[in-house]
Amino acid sequence: MFPAVEKNESFADRELATGKFWKEQGIYEKTLAARKGAENFVFYEGPPTANGMPHPGHCLTRSIKDLYPRYKTMRGFRCERKAGWDTHGLPVEVEVCKELGIHSKAEIEAHGIESFIQKCQASVWRYMQEWERLTERLGFWVNMEEAYVTYHQSYVESVWWSLKTLFDRGQLYQGHKIVWWWAQGGTALSAGEVGQGYREVADPSVFVKFPLLDDAGEVTDTSLLVWTTTPWTLPSNQFAAVHPEIEYATVVDGETGEKLVMAKDLVETIAGKVKRELEIVSTCKGSGIVGKRYQPPFDCFYSTHDHNTSWRVVAADFVTTDSGSGAVHQAPAFGEVDYEVLVAEQARYTDGEGPELINCVGPDGKFTDEAPAFVRGRWVKDCDKDINRNLKERGLLFHQEQYRHDYPFCWRAEQDPLIQYPRESWFIRTTDIKDQMLANNAEINWLPGHIKDGRFGKFLESNVDWALSRERFWGTPLPIWVCEQTGKMEAIGSYDELLAKPQTTGMEVWEAAKAANPELPDDLRVHKPYIDAVTYASPFADGARMQRVTEVIDCWYDSGAMPFAQWGYRGQTSGPEKERFESQFPADFISEAIDQTRGWFYSQLAISTMIWGNDEAGMTNDEKKDSSFVIRNSSLAKPPHPFRNCIVLGLMLGEDGQKMSKSKRNYRDPSEIFDLYGADALRWYFFANQPPWTSIRYSEQAIKDSIPEFLLRLWNVYSFFTIYANIDEFDPKAEGATDACGFADAASYRPLEQRGELDRWILSELNATTATVTERMDAYDNYGACQAITEFVDAMSNWYVRRSRDRFWASDQRSPEKLDAYWTLYECLVSTTKLIAPFVPFLAESLWQKLAVAVFGDSVSESVHLCDFPVAKLPAIDAALSEQMNLVREVTSLGRQARSAAELKVRQPLTKVEVILADTTHQAWLESHAGLIAEELNVKAVEFTENAEQYIDYTIVPNFKQLGPKLGKNMPKVKKLLSQVDGGQMLVELKSAGKVTLELGGGESIDLDENDIEVRLQAKAGWAAAQGRGVVVVLATELTTELISEGWMRDLVRVVQDQRKELGCEFTDRIEIGVVTESAELRTAIEQFQKYVTQETLAEALVCESIADAEPISAKIGDADAQLYVQVAS
RNA sequence: GGGCGUGUAGCACAGUUGGUUAGAGCGCAGCCCUGAUAAGGCUGAGGUCCCAAGUUCGAAUCUUGGCACGCCCA
């Protein structure tokens, strides 16, 4: 016996029980154990940060990440899933700062770095529980107990090892660059971080007069009109840039008489801005003013520096006439392009004689003492107004206005604008390996495909060296120690290596902290401030000490290092780290949202290509001998690495189409969704509604809809099966089957060829579906796979079960046809259960437990997830049968359509339908299924008519696909000719001769055979007919008394069935029926169809009088009114 | 400003190498069925396939140029 189907149990409740079962029985662990020794399918978990609450977008990534490992496991692979947590970086520091109510770097230092770091470490796990709960509730199987954590010592040491490798190769270098600088935080930000903080703001746009000097260095009456949007950089002005090819004009200001130089194309615009006449007196190319000297607007450096090198007009291609004046203020300290101008200028001189960088702003973003007195010590962005006022007072400000543009702010401290600022910073020379990265990229299977050469490829093309260092606190310390005397450096690859250095001191700082608080995790010893205390004797100078540089690194480097760092691999030549790393590299599958293009996707590729590039070009000689780099020569190093297949998910938007945000509350908490609809509904919504890379708008309704559309539909089939299997005492084990996947041992199990057509059909569909799902999933197309599954479940529910009901209800429990039906449906359900297991693991498990485990006990897998994925039995697939069945379904659908149009409800029997087929290939088969069609359409007869000219117009159209290439330009002519011929006659001719000849005129003619044309049928007016593509169904609409009576009796049956339900009858309960009516017609009909009614309703008696104890109900049967009495037979 | 992507029914989406009646779902309307019943089915209305030009015998599909939106970058 199958366990009875529970009523009143929600999917969500069942899921909780299933989750508990998995956990208690260690099913995930068992799936791994079961695949011991099997080929690996390597999955990398991109580490989320656990210091924020998870939202529905995380459910999406985690669902996809779960789907493929589950699928591949069932397909026979061993798929480890090591969880990971991203724990370092600015987001954590910012959170802690908020708690402490502090903001700037100085405040953190005042608070104490030791305490700050400890707080960071603790805060990383703030939402750990929520994340774990979500992961488990969603059914994302991942090993959280052995998760890798980026702050763990072994992880940090792996990162160190990789950085040491790069350092020793000269690929990690210190450079002087203009960076986006977060002044309050005292650190540079990476391009990715900056990109997240752009906001539209209004900044001043000012036009300033730079008086030009003559050859003697005296101020002339002409000024260059210079434009800038950052007045605060004017005190640090060093050049003015013009485009050498643009025309410049000298104009006279109609009001003041001043002479100004500006781009000729902009004269009119600028005149409009200031609303006065600007008269052009002469023009010249930009190259004509290049080299001219001018007096800078502020004298911070002018009087102390060489006038010949700075404060000159220089040529620059980036100047445009889109806005401004055509002459651009240059402060090389505060702009990347400006800085390049300085470098270019310096190149004109021998070393040391060119212009030096001038800068009167400190790293804290405040003006230094070199700046004009009225701004000293103030935050630069606050000084724009005062600077403008000062310029105005001195008559140098020509015009100012507001200008809206996007400007970057700190992504974690939204009120802090970033500034460009010159800094010493550490870089990784990724530009050296650009080609290798591109080669690796070319081998990655990106989904969708356009990522490869599109967003990701383009990003690689424009690669710049990775700005690695951060002048912050909570991150992987940059493992470079500097000699205090010589400035020479070396990199350290592990903590032990550091301790083994000569005369190491400083470990006591950590030891003291640990003694004071034994709770501190040991991992902290490789972090600031403890690691900074460790120094050792310099190998470069006697008596000197080696001291670590102060920086930590970009946390994206941490996550990108996970392919090896998750195992603590740092070049070991043997041992578990090496083995695990090598067996798990590269990944077969990763998936994250598209925002990771420049994040984790890139950091992984860059690091893996840096360390194990595709050739030996970057290796030192020592490394070439060093066996730890053996991977370079192994097959693992072949591209693609570090991952082979990558599904790039779209972004998930809130219900309102906006980005999900906590403050807008435009989404529901995932835990609520689980409670309301369950994890399977959510998962199915993700997998089955769209390809994963489309941005989806979170839709609660759509999640809800997965239940009736798929989950419940399948559940109902299962429920139907269970109810009748139990009534008929059908038990696969008792029948002799040994397990739930092979039934050949069962005595009553008949081979396919002995079973009825419907059974062969659904099993054909099952196997075709299995083949499709496998093929789609192997191509990482979950959407296509889900569509196939949905169609199959629909076919099973809406055609197989419906058409098989008679067999399930037949009274002979042991009839072969009935047993066939049970076996067939059982097989379909069990296979479907396995097919859906990776997608909706909870429902699949419930079904498996009820359909298989409950019956077979220990002789089947204890969980569906321990099963092998079904393999399609190709011989069982019968394409012709599938086509034929589709045709039957089309005919019945058309029949209903015709009934609906003629307002003849299905309950009313009709004498016949006529079916006319354009293509008679399947006609004979269809004729043999006339009974089925008759039953579906409630007609007494089905007739097939050929050449049904009375109902039909035949239209012949060319088969365009076939004839197109043959006919070319003659196509329209043939189309026209065919539309004019008598279709019916032509068909006759075609049938007898096998071809027809069409005269095209001009002596040309063409022979057409059956394949060259398509026949269209058009029902003639006046018939109750409906037409499909190649078939017309015509109804006979005349009714006889007998037919009407029969229709009435179907009414009666229906009302009685309603009443059965009302009375709470079991499916097997017998009843008695009484009908009291004034209508003689009704009484006659009852008499006539007594047997039919009693049989349909399981009635022992049907009488035309009242039944004493039953409550009468009023009913309309056909046209007649009646009082109906129904009661359960005693 | 540049790159990438997306524009198909009220909504959210499919549409396989170009082939002439553009599709399933939800929603809506009407109807049916009821021995799967806190279900199920059928039918219908609703589309300038963003716009324009081009290539072609033929374009939702290919090309070019616009427009709108999104993301990424400056």
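Throughout, a chain's letter reflects where its sequence line sits, starting with A, and its residues are numbered from 1.
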*Report the C-alpha distance between Phe808(A) and Phe720(A) in whole Å, list the side-chain angles of each, state the deciding distance to 0.1 Å, and finish with yes or no for ring pair (Phe, Tyr, Trp, His ring centres under 6.0 Å).*
CA-CA 10 Å; Phe808(A) 290 107; Phe720(A) 176 91; 5.2 Å; yes
*Across the strands shown, which category fits Arg899(A) at heavy-atom distances under 4.0 angstrom: base, sugar-phosphate, nothing?*
nothing
_Expected output: side-chain Ser893(A) to main-chain Arg889(A) donor-acceptor under 3.5 Å_ = no
*Check the surroundings of atom NZ in Lys434(A): do more than 12 heavy atoms from other residues, nucleotides or ligands lie under 6.0 Å from it?*
yes
_C1'-based separation of rA68(B) from rC50(B) [nearest Å]_ = 8 Å
*Backbone N or O of Trp715(A) within a donor-acceptor pair of the Ser719(A) side chain at under 3.5 Å?*
no
_Pairwise P distance for rC32(B) and rC69(B), with rounding to whole Å_ = 48 Å
*asked:* I need the CG-P distance between Leu712(A) and rG41(B), as an integer number of Å.
replied: 10 Å
_Rounded to whole Å, how long is the line connecting atom CD of Glu936(A) with atom C1' of rC32(B)?_
12 Å
_Paired nucleotide for rA29(B) [Watson-Crick or G-U wobble; both distances under 3.5 Å]_ = rU43(B)
_Can you tell me which residue among Phe721(A), Tyr822(A), Tyr718(A) is in a ring pair (Phe, Tyr, Trp, His ring centres under 6.0 Å) with Phe2(A)?_
Phe721(A)
*For Lys818(A) and Ala810(A), indicate whether the former's side chain and the latter's backbone hold a donor-acceptor pair under 3.5 Å.*
yes
*Look only at the side chain of Arg683(A) and the backbone of Phe839(A), and say whether a donor-acceptor pair between them is shorter than 3.5 Å.*
yes
*Between Glu936(A) and Arg803(A), does a salt bridge (charged side-chain N to carboxylate O under 4.0 Å, His left out) hold up when you go through it step by step?*
CA-CA 9 Å; Glu936(A) 282 286 320; Arg803(A) 292 308 318 151; 2.5 Å; yes
_Strand partner of rC69(B), provided both Watson-Crick or wobble distances fall under 3.5 Å_ = rG5(B)
*Rounded to the Å, how far apart are Trp715(A) CH2 and rG40(B) P?*
15 Å
*Between rA60(B) and rG7(B) - P atom distance, rounded Å*: 15 Å
Pull out every protein N or O sitting under 3.5 Å from an N or O of nucleotides 45-47 of chain B, one pair per line with the distance.
none

*Assess the side chains of Arg899(A) and Asn938(A): does a donor N or O sit below 3.5 Å from an acceptor N or O?*
no
*Sticking with atom P, work out how far rU61(B) lies from rG54(B), rounded to a whole angstrom.*
14 Å
*Rounded distance (Å) that lies between atom P of rG58(B) and atom CG of Asn970(A)*: 13 Å
_Gap between atoms CD and C1', on Glu461(A) and rC72(B) respectively (whole Å)_ = 16 Å
*Check every strand shown and say whether Pro708(A) touches a base, only sugar-phosphate, or nothing at a heavy-atom separation below 4.0 Å.*
sugar-phosphate
*asked:* Using whole Å, what does the distance between atom P of nucleotide rA39(B) and atom CG of Asn798(A) come to?
replied: 15 Å
_Minimum-distance pair of heavy atoms, taken over all atoms of Gln420(A) and Gly335(A)_ = OE1-CA, 2.9 Å
*asked:* Using a 3.5 Å distance criterion without hydrogens, assess whether the side chain of Tyr826(A) forms a donor-acceptor pair with backbone atoms of Leu851(A).
replied: yes
Between protein and nucleic acid, restricted to nucleotides 3-8 of chain B and to nitrogen or oxygen atoms under 3.5 Å apart, what atom pairs and distances do you find?
residue, atom, partner, partner atom, Å
rG3(B), N2, Arg455(A), NH2, 3.3

*rG23(B) to rC49(B) separation - C1' atoms, rounded to the nearest Å*: 12 Å
_Any Ser893(A) side-chain N or O less than 4.0 Å from OP1/OP2 of rU43(B)_ = yes
*Is the side chain of Ser804(A) donor-acceptor paired with the backbone N or O of Val801(A) at a distance under 3.5 Å, no angle test?*
no
*Assign Val801(A) to base, sugar-phosphate, or nothing according to its heavy-atom contacts below 4.0 angstrom with the strands shown.*
base
Distances for protein N or O near nucleotides 14-19 of chain B N or O, under 3.5 Å:
residue, atom, partner, partner atom, Å
rU17(B), O4, Lys961(A), NZ, 3.3

*With rounding to whole Å, what would you report as the distance between rA45(B) and rG58(B) at their C1' atoms?*
30 Å
*asked:* Taking pairing as Watson-Crick or G-U wobble with both contacts under 3.5 Å, can you name the mate of rG19(B), or confirm there isn't one?
replied: rC57(B)
*Indicate, with a heavy-atom threshold strictly under 4.0 Å, whether Lys975(A) touches base, sugar-phosphate, or nothing.*
base
_Looking at Glu729(A) and Ala725(A), would you say the former's side chain and the latter's main chain have a donor-acceptor pair under 3.5 Å?_
no
*Starting from P on rC13(B), measure out to CZ on Phe686(A) and report it in whole angstrom.*
14 Å
*asked:* Check this for me: does the side-chain of Arg896(A) come within 3.5 Å of the base of rU43(B) through a donor and an acceptor?
replied: no
*Are any side-chain N or O atoms of Arg1054(A) and backbone N or O atoms of Arg1050(A), one a donor and one an acceptor, separated by less than 3.5 Å?*
no
*Toward the 5' end of RNA chain B, which comes first, Asp794(A) or Asp705(A), by nearest nucleotide?*
Asp705(A)
_side-chain N/O Ser719(A) vs rU37(B) OP1/OP2, d < 4.0 Å_ = yes
*Select base, sugar-phosphate, or nothing to describe what Val717(A) touches, counting heavy atoms under 4.0 Å on all strands.*
base
*asked:* I need the CD1-C1' distance between Ile594(A) and rC73(B), as an integer number of Å.
replied: 13 Å
*Looking only at atom C1', what distance separates rA12(B) and rU20(B), rounded to whole Å?*
29 Å
*Quantified in whole Å, what is the C1' atom distance between nucleotide rU63(B) and nucleotide rG10(B)?*
34 Å
